[in-house]
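Computed from a predicted structure; not experimentally measured. Each ligand, and each atom within it, is numbered from 1 in the order the structure gives.
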Amino acid sequence: MAIEKVDVFVTSPGRNFVVLKITTTDGVTGLGDATLNGRELAAAEYLKTIAPMLIGKNEDNIEDIWQYLYKGAYWKRGPVTMAAISAVDVALWDIKGKKLGVPVYDLLGGASRTGLLTYGHASGVDLPSLFDSIDSYLDKGFKAVRVQSALPGIPSTYGVAGSANAQTGNGEKGMRYDYEPARRTEVPVEEVWDARTYMNTLPGVFEAVRNKYGNGIALLHDCHHRLSPIQAARFGKMIEPYDLFWMEDCTPAEENQEMLRVVREHTTTPIAIGEIINSATDYLTLIKEQLLDYVRSAVTHTGGITHMKKLMDYASFYDIKSGFHGPTDVSPVGMAANLHLGLAIPNFGIQEYMRHSDETLEVFHTSYTFTDGMLHPGNKPGIGVEFDEKLAAKFPYQPAPLPVDRLLDGTVHEW
Ligand code: GCO
Ligand code: MG
């Protein structure tokens, strides 16, 4: 009973993914996800560096292996380290579930609910295309929808299908927003950002959406780190009448977390933050001072199930809920890990869900289900995902860095 083999795969079925497979001496395998969008090879190299250290360790001792990788590295935290540790951690939970014949959520205390409220990504270059997009999500059964809109005079902006670089997708009705494979270049493409245009446009968009659809659906929005604290405070206040479920990453609070106090003092619009925060330690101030309402981290970027469970347990004492990151750059393995944890914790909030492309789903066989706007991880032992290595080998890595943003005067800005 020991770890015998550690394999790292970088594959690109529709987009790039980093997959870890751990095999034990009795032939049980577990999968982990270390995909770090635009920096995939760095995460894969980190895994290759730690792989020999895992051989011979008892796969049952998940916590000890976590501490060994985290404290033992001397260099703590950071996205590459935490994505790699996460992949090992999820693979070990997968193995434990398979060995015991139970789904991972059972190991985490069992199901706290019957399914996970899920939101999809609607967007439009204008109101009619936005309404079409929202309709297509409502038709699929979604009860919560993220709303993103193009900005007049700005050629393409984050989150909007149909703007310059988005792709159409997967036979789904309407356009689909996803940065890969539209952006396969070694050097990032550049986009333009203007906060004034944004703040003048978005409140009217939310008003139009509420007028058309009423108050029955949950609406979410991602500001994608683009506002200053005082702009975010004003924006949150401006959109209060439209009752958003959350505004996400309103300001880049991962560096100066105190900035969120300014936002909090001015608005009751709920705050979701953290998709690029990668350790529980980095949430301590945010949670203790109640500067956020939803934790946006993904299991796959934040040290795995072991670490995220601790983070969410701490958050639960402050009534702060989960809103785990679930874009297509979280692989189906990472997505399944999010779902198992989300089903088990008492303070689940909502789960983001962008369906992966058909190509991706041919390589990763999932057992999670989507019914009536709710996801469920399924009841297979472990995390319930299988990986077709042979097929994966047919999709070699291609560089695909995320875009870089500049202001109208050329200044580099958060994307
Ligand atoms: C989201 C995110 C993503 C990120 C992407 C970067 O809320 O889903 O903001 O769209 O931009 O995951 O890798
Ligand atoms: Mg986001």
Side-chain angles (χ1 to χ4, degrees), residues 12 14-18 33-43 79-80 82-83 86 118-123 137 142 144-149 156-161 163 165-167 169 175-184 188-189 191 193 198 202 218-227 232 244-254 270-278 292-302 322-332 334-335 338 349-357 360 375 399-405 413-415:
S12 198
R15 65 170 311 124
N16 291 318
F17 295 108
V18 180
D33 173 25
T35 309
L36 199 55
N37 205 1
R39 298 292 185 272
E40 296 86 358
L41 298 185
V80 177
M82 297 306 281
S86 172
T118 297
Y119 74 91
H121 285 198
S123 68
Y137 281 96
F142 280 88
V145 181
R146 187 181 90 160
V147 171
Q148 304 292 132
S149 166
S156 72
T157 193
Y158 167 78
V160 182
S163 56
N165 297 294
Q167 64 163 339
M175 299 284 279
R176 170 190 164 92
Y177 175 78
D178 193 349
Y179 261 88
E180 280 200 69
R183 307 282 193 116
R184 297 208 169 207
V189 296
E191 293 185 343
W193 171 247
Y198 173 80
L202 265 294
L219 299 180
L220 300 88
H221 177 69
D222 192 347
C223 308
H224 222 260
H225 328 267
R226 291 178 183 199
L227 299 175
L244 263 66
F245 186 98
W246 75 34
M247 64 173 178
E248 176 184 343
D249 288 327
C250 56
T251 194
E254 65 286 343
I271 294 175
I273 213 144
E275 69 183 41
I276 65 169
I277 298 179
N278 47 62
L292 82 171
D293 301 283
Y294 295 94
V295 168
R296 278 291 286 149
S297 285
V299 165
T300 172
H301 296 135
T302 317
S322 68
F324 298 153
H325 196 203
T328 49
D329 46 290
V330 167
S331 87
M335 191 65 191
N338 277 343
I350 199 166
Q351 177 60 55
E352 179 182 26
Y353 178 43
M354 284 174 85
R355 186 183 173 275
H356 286 99
S357 71
T360 301
L375 280 160
L402 286 165
V404 170
D405 245 357
H413 190 272
E414 273 84 4
W415 177 68

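- One N or O on the side chain of H356 and one on the backbone of V330 form a donor-acceptor pair closer than 3.5 Å.
- Residue P327 has at least one heavy-atom neighbour below 4.0 Å for each of these atoms of ligand 1: 8 (O), 12 (O).
- V147 approaches H221 most closely through the heavy-atom pair O-ND1, 2.7 Å.
- In M354, neither the side chain nor the backbone holds a heavy atom less than 4.0 Å from any atom of ligand 1.
- The protein non-hydrogen atom at the shortest distance from atom 8 (O) of ligand 1 is E352 OE2, 2.4 Å.
- Panel note: side chain H301, backbone T35; a donor-acceptor pair is recorded below 3.5 Å.
- Among the backbone and side-chain atoms of E352, no N/O/S atom is found under 2.8 Å from the Mg ion (ligand 2).
- Comparing E275, E248, R146 against atom 2 (C) of ligand 1, the shortest heavy-atom distance belongs to E275.
- Under 2.8 Å from the Mg ion (ligand 2) lies an N/O/S atom of E275, whether from backbone or side chain.
- Checked against the Mg ion (ligand 2), the N, O or S atom of D222 at the shortest distance is OD2.
- Under 3.5 Å, the side chains of E414 and H224 contain no donor-acceptor pair of N or O atoms.
- Among heteroatoms of the N, O or S kind in E248, OE2 lies nearest the Mg ion (ligand 2).
- Paired with Y158 under the rule ring-ring contact (aromatic ring centres under 6.0 Å, His included), one option of W193, Y198, W415 passes, and it is W415.
- When each atom of ligand 1 is checked for a heavy atom of H224 under 4.0 Å away, the hits are 4 (C), 9 (O), 11 (O).
- A donor-acceptor contact under 3.5 angstrom links the side chains of S12 and R184, judged on distance only.
- Geometrically, ligand 1 and Y119 share no nitrogen or oxygen pair separated by less than 3.5 Å.
- Listed by number with element, the atoms of ligand 1 under 4.0 Å from a non-hydrogen atom of D329 are 5 (C), 6 (C), 12 (O), 13 (O).
- The one candidate from N278, D249, I277, I273 that meets the side-chain contact (heavy atoms from CB on, under 4.5 Å) condition with E254 is I277.
- Taking every heavy atom of L402 and a limit of under 4.0 angstrom, the matching atoms of ligand 1 come to 6 (C), 13 (O).
- For V330, no heavy-atom contact with ligand 1 is shorter than 4.0 Å.
- Looking only at side-chain heavy atoms (C-beta outward), V80 and R39 stay at 4.5 Å or farther from each other.
- Between D329 and the options T300, L36, N37, a side-chain contact (heavy atoms from CB on, under 4.5 Å) holds for only N37.
- Contact atoms of ligand 1 toward N37: 6 (C), 13 (O) (distance under 4.0 Å to a heavy atom of the residue).
- In summary, the atoms of ligand 1 found under 4.0 Å from a heavy atom of R296, numbered by their order in the structure, are 1 (C), 7 (O), 8 (O).
- Within the listing of ligand 1, atoms 1 (C), 2 (C), 7 (O), 9 (O) sit less than 4.0 angstrom from a heavy atom of D222.
- The backbone N or O of L227 lies less than 3.5 Å from a partner atom in the side chain of T251, making a donor-acceptor pair.
- Residues H325 and N338 come closest through the heavy atom pair O-ND2, 3.0 Å.
- The shortest contact between atom 10 (O) of ligand 1 and any protein heavy atom is with Y158 OH, 2.6 Å.
- Residue contacts with ligand 1, taken as heavy atom pairs separated by less than 4.0 Å, involve W415 solely via side-chain atoms from C-beta onward.
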